[in-house]
Protein chains: 2
Amino acid sequence: MLANMPPRSPRATMKDVAALARVSPKTVSNVVTGSAQVSEPTRQRVEDAMRQLDFVPNLSARTLRNGRTGIIGLALPDLSTAFSADLTHAVVQEAHRRGQAVQIEETAAEPDREHDLVSRARAHLIDGLILNPVRLEDSAVEHEESLPPVVLIGEVEQTRTDRVFIDSRRAAEEVTAHMLSRGARRLVALGGAEHGERATATARLRLQGFRDAHAAAGLSSAPERELGVWPWSIGGGAEAVEQLVSAGVEFDGIVAFTDSIAMGARHALHRHGLSVPDDVLLSGFDDVEHAAYSIPPLTTVGFDHHDYAVAALDLLAARLDDRSRATRAEPIAHRLIVRGSTGDPGAAPRGHRPA
Amino acid sequence: MLANMPPRSPRATMKDVAALARVSPKTVSNVVTGSAQVSEPTRQRVEDAMRQLDFVPNLSARTLRNGRTGIIGLALPDLSTAFSADLTHAVVQEAHRRGQAVQIEETAAEPDREHDLVSRARAHLIDGLILNPVRLEDSAVEHEESLPPVVLIGEVEQTRTDRVFIDSRRAAEEVTAHMLSRGARRLVALGGAEHGERATATARLRLQGFRDAHAAAGLSSAPERELGVWPWSIGGGAEAVEQLVSAGVEFDGIVAFTDSIAMGARHALHRHGLSVPDDVLLSGFDDVEHAAYSIPPLTTVGFDHHDYAVAALDLLAARLDDRSRATRAEPIAHRLIVRGSTGDPGAAPRGHRPA
DNA sequence: CTCACCATTTACAACGATGTAAGATCACTG
DNA sequence: CAGTGATCTTACATCGTTGTAAATGGTGAG
């Protein structure tokens, strides 16, 4: 189908098309962008010429001229987690639907990467940035005078940028309450920060919800059962549980702050002969595809990843149209998804008792 | 730290820096690129000026001038799989080390996306493309007269482009032989195409290896135990096993063509009361992080994802330097990783026998 | 003191697309 | 048949950077 094409070492430009169609370059531009009226016969000639030369507009030139690249940046802490994969998938799909391309960045490995991205905005090559902040939290955003178009995802305790979030505190409270109702009495929070340490807003809020649920049930959570996890990955989750066990802490349920952490936890529990949910209840966060297929299926907090992506892209698009509009925070609905990993009503977990 | 900055609505350009440093724009350019000698005092003045104005070179302009963006495209069929996440992670990390950014694309959803990517090369905004072909296989590549710099990953049966691959046939043969040695006699290939259907080269080769292992053992594989899977995801794997069971096929081991497929298969087996490895042996491909943490841990074919990314980026860089050099195919070493999902020596699986 | 010669630095013109404003064309109206 | 719009097309300048070639300044030899 593409066989009978002229050998095209240097790609055809508007000037070439114009010459072939016997019009000016600007007319070609008008045909391409549709930004001005072009008579039917002229349009035909131009379109034929474009087809004949396999013309593709040079985006660099267009960008240089009018300032927009059509590329948005997506910066996530760790691209290898299941949630990152899901989110990337959703963002790329939705961005493509809008004619935008996605440039992807990873921030966790390098301390200054987030700051760089925000402050340089990839040297004009991206129009805006969707950022899941971890390291600098809001500080990169705080210190900049004039921000590039940025949408933060996840909880952030400031109002200077647009953001999309789920109510992590409430969600954590719900999942914790659920596990208490299933008979757990010594719940572990996996992902909350150690005391005094810096933590992401997300971690803080989930920990808060965990505690709130205890308080509402007339119980209280124990400091030795509030564990930090780093990184928030399968390996991190497994390691945290190893520590928990070797520290001789008694527990009968684990509220992991991501599904990946939960998967790691389950592995470590298994290694120590502890079964889910008979001995220990287990829940996660994010509802990645894998959660439903785990054995037993994982109880988790779910929300629509696609909605999340749409909301972020909407906010970004609106910001690009009007840089000075008031910032908005878009909440995304979540729901508790109860599956086998938190057992059955009336059957309390046996719990882990150190020898 | 960034507090005392001048309010900068329009970003500073080289001209601004030049004015402040009392030199010509070209001298600023020379300082930035290091492409010509600049005396020490002048360099100092220019660098001070750049710092003062927080100068960031405009990549669009640079690209327009010299044709390179520093962005490479990464096109994968399905971004939500664990393997995609791992590979993306590796490519982004390695590309960043080389000062390149990664633009990500997803090809499975749309038939013509691959072809578009190859033929338009994102309208000059990417320097080259790393492509995991699924749909068009090599045909997009076949039909183009002059190709943009492309590196294909995975097996492809042609020699017109650079490519990185593992020896899928051999790997499949090894893992299959291993399972036969563990006592399985009715192995299922999960991911090979149905007869007469178009399949990716990867699928064909893995199926070939599966058969070769049988032949080498004096056995033969049965057509009803060679199943196509679509998509190559957890859900696809689960569905395929459901079909297998409801079709009343007898089997005692599953060679899944990706780890995700294996995970889905394990879920479906569990649903039918079949245990891994006591009733059915199970293996995957790719060694994603999750495989080691699964219960039981998954036997799989592993290879270094980072090496894979490095090789692809090396080939692409070499191609960018010399477009007319001969194409190269870079093999990546693989190894069989035996874990619990294929049982223990001497303990053959009980197998699944339809009622 | 002049001249050749080196190291730096500069002016200018691209790269390709598009906004602006001016020019061309044509159909009508008075 | 000149005049008035309305419609379409064009010339020109510009976005920010960098290759080319020419200009500048300073140094040491003659």
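Naming convention: chains lettered A, B, ... in sequence-line order (proteins, then strands); numbering from 1 in each chain.
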Assign each of T42(B) and A61(B) to its nearest nucleotide of DNA chain C by heavy atoms, then name whichever residue's nucleotide is nearer the 5' end. T42(B)
Between [options], spot the one nearest the side chain of [X], thanks.
X: S24(B); options: dG19(C), dC15(D), dT10(C); value: dT10(C)
X: F55(B); options: dT8(C), dT17(D), dT18(C); value: dT17(D)
X: K26(B); options: dG16(D), dT18(D), dT10(D); value: dT18(D)

Between S84(A) and T81(A): side-chain donor-acceptor atoms closer than 3.5 Å: yes
Using the rule side-chain contact (heavy atoms from CB on, under 4.5 Å), only one of L316(B), L313(B), I71(B), T69(B) pairs with Q100(B); which is it? L313(B)
Round to the nearest Å and state the distance from [X] atom [atom1] to [N] atom [atom2].
X: L125(A); N: dG16(D); atom1: CG; atom2: C1'; result: 12 Å
X: M50(A); N: dA17(C); atom1: CE; atom2: P; result: 11 Å
X: D16(A); N: dG16(C); atom1: CG; atom2: C1'; result: 10 Å
X: N30(B); N: dT8(C); atom1: CG; atom2: C1'; result: 9 Å
X: R68(A); N: dT18(C); atom1: CZ; atom2: C1'; result: 16 Å
X: L64(A); N: dT17(D); atom1: CG; atom2: P; result: 9 Å
X: M14(A); N: dT10(D); atom1: CE; atom2: P; result: 14 Å
X: R22(A); N: dC8(D); atom1: CZ; atom2: C1'; result: 19 Å

Is it the case that the base of [N] and the side chain of [X] share a donor-acceptor contact (distance under 3.5 Å, atom types as modelled)?
X: R65(A); N: dT18(C); result: yes
X: R62(B); N: dT17(D); result: no
X: K15(B); N: dG16(D); result: no

Please report the closest heavy-atom contact between R68(B) and D127(B), naming both atoms and the distance. CA-OD1, 3.4 Å
Is there a side-chain contact between V46(A) and V32(A), using heavy atoms and a 4.5 Å cut-off? no
Examine [N]: is either OP1 or OP2 under 4.0 Å from a nitrogen or oxygen in the side chain of [X]? Give yes or no.
X: S39(A); N: dT9(D); result: yes
X: S29(A); N: dG19(C); result: no
X: T13(B); N: dG16(D); result: no
X: T27(B); N: dT10(C); result: yes
X: Q37(B); N: dT8(C); result: yes

Indicate, with a heavy-atom threshold strictly under 4.0 Å, whether V38(A) touches base, sugar-phosphate, or nothing. sugar-phosphate
For a quick check of understanding: with a heavy-atom distance under 4.0 Å over all strands, which category does V28(A) fall into, base, sugar-phosphate or nothing? nothing
Is any NZ, NE, NH1 or NH2 atom of the basic residue among R319(A) and D162(A) found under 4.0 Å from an Asp or Glu carboxylate oxygen of the other? yes
May I ask you to check whether over 12 heavy atoms, not counting those of R98(B), lie within 6.0 Å of atom CZ? yes
